[in-house]
Each structure stands twice: as C-alpha cells, then as structure tokens.
Amino acid sequence: MPELPEVEFYRLLAESAVDRPIKTVDAPDAWYLKRGATARSVRAALRGRSFVGTRRIGKLLLLDVSGDAPTLGLHFGMSGRLIVDGVAGIDDLRYASNRELTAWDRFRVRFEDGGDLRMRDPRRLGAVELDPDESRLGPDALTVSAGELARILGTSTAPVKARLMDQARLAGVGNLIADEVLWRAGVDPRRPARDLDSADVKQLHKHVRRTIKDFLTHGGSHTGDLLPHRVTGGLCPKDGVALQRAQVGGRTTYWCPTHQT
DNA sequence: ATTGTGGCCTGCCCGC
DNA sequence: TGCGGGCAGGCCACAA
C-alpha cells in the first residue's frame, strides 16, 4: 500500500505535471472528493491554471496551484496510484490489484498539451481535497528530530505502535513501516509509549528515519527485513522463532517475542 | 484531551 | 468450477 516512500515516489512523478496549463478536470466519483470539495469547485480552482510545485507531508501529496487558487491535496489510502501521462509512480502495490482498469480512475486532471494526471484507486479509500489543513498532521517521519519523537511518545499510555501511527502527531508511518521499525529497534509494539526509556526512543528515532530511507532507496515498502516474513506462520529472520500476531492499536501486528521487549 | 472501536471501500484468496 | 466469507489498512466518526 502507499506509505510515505510510495507517496514520495508519487511526488517525484507529479513534478512532471508542474507548469503545464490545465484544460479540464474529470471527477466522476463524487464520493472521492472530501471536505466539501465538488467536481465544480475543483474544476473552478484548477481550470486555466497550472501546478507550480509539489510537496509531501507524511502520506499527503500537495500540489500547489498558480494564482491564488487553493492547493490540491491527494490522499492515496491503501490502493491509490498516481499516473501521469500514462506512467504509474509505482509498478507493484501490496494489498491492491495491479491490474489496469480505467474504471478505477477516480480523478483526472487534463492538460492543454494532451497529457493528464490521474488517480487510480480500486478500493476508493483515497481522497481528493482542496486547501488541506496541513496543521492536522504532525512532523514528517523522514525528518522528525529525536526531541520531537520523544515528545510524541511522551506520557502516553497508548501502545507505542499506535502512537507512531497517529498521523496528527507523526506523519507518514503506516502499519507495515511501524512493524518494521519496531522490529529493527527491538521494541514490543504493545508497550505503553511512556514506558520507553531514552535508549528505546533513540533506537526508534534512528530506525524510523533509516527504515524510510532504506525503502526510498530500494523501491518501496515491500523491501524490509521483516516484511517478507510478515505472514501467518512466519519466522523472525533474526532469531528464527515464530512471529507473534495480534491486533495492536486496531491493526494487525507481527512481532518477534524474543528480541522485541 | 486521550484512547479505543467500528465502519467504510472493494479486490482477492481461501475453503467448501 | 463457483461461491461466500474473511481479510487487507488508511482514515474518520463516534463513544467512553
């Protein structure tokens, strides 16, 4: 599914959509437009203008628009793809169909030059909005500082995994990255966040950033050390013992009972 | 405020 | 071979 690394690849792809005058907007799925956006309002915001730049906060892709028009915000959910001029940002998505069906195109911006930018999303869990409230997201997980992470974990009694995945506090860590990071850091995902000592926090900070960087280098969220073994009956690739599986923070979680404490 | 739960979406996979 | 029920997880509404 698209986590932070995939959205960063989408952002790089979206760079090729910058500075191209927009001719029309197709928004055939009203359900896909969120927070008050309508086909009419999005069309009015974009038509005759251009994207002037791309940004990303966590899993939110932001396309800034020329003039005084509102920024376009794209959420990819877990099955959304970005396609520009027929080129997909990611070839293979876990937990999503890789088939190509234009019936799954939920949103399209067509340029005067004949090209287009599309969101293809079989499960319709993504979303398009105008002028997204960027303050509802915490600092980006790729650049979060050690001090910020310590404050995010703070005095919370919630499981550390739930805290890491709280987008309002730390933007960009999804379920797979959370499991990989906790596995690398040797931290039990169920532990109350406030029980972590400074050494644990230091490990988590190191591995949050390093894991995301690894994924960016190696091509996506499916390249982790734990993830190939994150299946029913999987063994810890470090200790060889059976991985535990349970719901933590409402999400399916795998961890090693031996070295994650 | 904080934390937990349930539901949404729909393609896919497993077992019958 | 077809079919039904789980399952996947990001996000949000809602409850305690």
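Bear in mind that the values here come from a model prediction, so they are computed numbers and not experimental data. Labels below follow one simple rule: chain letters A, B, ... track the order of the sequence lines, proteins then strands, and each chain is numbered from 1.
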Within the structure, does a side-chain N or O atom of [X] lie under 4.0 Å from either OP1 or OP2 of [N]?
X: A:R106; N: B:dC9; answer: no
X: A:R230; N: C:dG9; answer: yes
X: A:W104; N: B:dT10; answer: no
X: A:R163; N: B:dT3; answer: yes
X: A:T252; N: C:dG9; answer: yes

Checklist entry - Which comes earlier along DNA chain B counting from the 5' end, the contact point of A:G249 or that of A:W31, where each point is its nearest nucleotide? => result A:G249
Checklist entry - Between the side chains of A:Q247 and A:T252, does any donor sit under 3.5 Å from an acceptor? => result yes
Checklist entry - Step by step, would you call A:D131 with A:R35 a salt bridge (charged side-chain N to carboxylate O under 4.0 Å, His left out)? => result CA-CA 9 Å; A:D131 194 21; A:R35 297 182 194 274; over 6 Å; no
Could you state the atom-to-atom distance from [atom1] of [X] to [atom2] of [N] in whole Å?
X: A:E129; N: C:dC12; atom1: CD; atom2: P; answer: 8 Å
X: A:R190; N: B:dT3; atom1: CZ; atom2: P; answer: 18 Å
X: A:Y254; N: C:dA8; atom1: OH; atom2: P; answer: 6 Å
X: A:H75; N: B:dC8; atom1: NE2; atom2: C1'; answer: 16 Å
X: A:K59; N: C:dC12; atom1: NZ; atom2: P; answer: 11 Å
X: A:R124; N: B:dC8; atom1: CZ; atom2: P; answer: 13 Å
X: A:M78; N: B:dC8; atom1: CE; atom2: P; answer: 17 Å
X: A:N175; N: C:dC7; atom1: CG; atom2: P; answer: 15 Å

Item to check | Those residues that, when tested against A:T232, pass side-chain contact (heavy atoms from CB on, under 4.5 Å) (two or more places apart) | outcome: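 A:T232 satisfies side-chain contact (heavy atoms from CB on, under 4.5 Å) with A:R245, A:Y254 only.
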Item to check | Listed partners of A:D188 passing side-chain contact (heavy atoms from CB on, under 4.5 Å), at least two apart | outcome: A:R190, A:R191, A:W255
Which of the following nucleotides, [options], is nearest to the side chain of [X]?
X: A:Q167; options: C:dC12, C:dC11, C:dG10; result: C:dC11
X: A:L125; options: B:dC9, B:dT2, C:dC12; result: B:dC9
X: A:R123; options: C:dC12, C:dG9, B:dG11; result: B:dG11

Next on the checklist: Is there a side-chain contact (heavy atoms from CB on, under 4.5 Å) between A:L117 and A:L63? Walk through the geometry before answering.
Outcome noted: CA-CA 11 Å; A:L117 175 150; A:L63 301 181; 4.1 Å; yes
Next on the checklist: Within the 4.0 Å heavy-atom criterion, would you say A:R245 contacts the bases, only the backbone, or no part of the nucleic acid?
Outcome noted: sugar-phosphate
Checklist entry - Between the two end axes of the helix from B:dT2-C:dA16 to B:dC16-C:dG2, each built from 5 base pairs, what angle do you get to the nearest 10°? => result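 What I find for the helix from B:dT2-C:dA16 to B:dC16-C:dG2 is an axis angle of 40°.
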Next on the checklist: Please enumerate all residues that pass salt bridge (Lys or Arg N to Asp or Glu O under 4.0 Å) together with A:R108, with sequence neighbours excluded.
Outcome noted: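 Partners of A:R108 under the salt bridge (Lys or Arg N to Asp or Glu O under 4.0 Å) test: A:D26, A:D116.
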Where do N or O atoms of nucleotides 13-16 of chain B meet protein N or O atoms at under 3.5 Å, pair by pair?
none

Closer than 4.0 angstrom, basic N to acidic O: yes or no for [X] and [Y]?
X: A:D179; Y: A:R251; value: no
X: A:D113; Y: A:R20; value: yes
X: A:R11; Y: A:E8; value: yes

Checklist entry - Can you check whether A:Y10 reaches A:T54 side chain to side chain, under 4.5 Å on heavy atoms? => result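 Side chain of A:Y10 against side chain of A:T54, heavy atoms only: no contact under 4.5 Å found.
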Checklist entry - Any side-chain heavy-atom pair from A:L72 and A:V128 closer than 4.5 angstrom? => result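 Answer yes - side chains close enough.
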Checklist entry - Going by heavy atoms closer than 4.0 Å, what residues in residues 148-159 of chain A are next to DNA chain C? => result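 Hits under 4.0 Å, by residue number: none.
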Next on the checklist: Quiz question: going by heavy-atom distance under 3.5 Å, is there a donor-acceptor pair between the base of C:dG10 and the side chain of A:R251?
Outcome noted: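 When only heavy-atom distances are counted, A:R251 does reach the base of C:dG10 through a donor-acceptor pair under 3.5 Å.
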Checklist entry - Just one of A:V241, A:L182, A:L235, A:L226 clears the side-chain contact (heavy atoms from CB on, under 4.5 Å) bar with A:C256, so which one? => result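 Result for side-chain contact (heavy atoms from CB on, under 4.5 Å) with A:C256: A:V241.
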Item to check | A:S156 and A:L153: CA distance, side-chain angles, deciding distance, side-chain contact (heavy atoms from CB on, under 4.5 Å) verdict | outcome: CA-CA 6 Å; A:S156 172; A:L153 297 172; over 6 Å; no
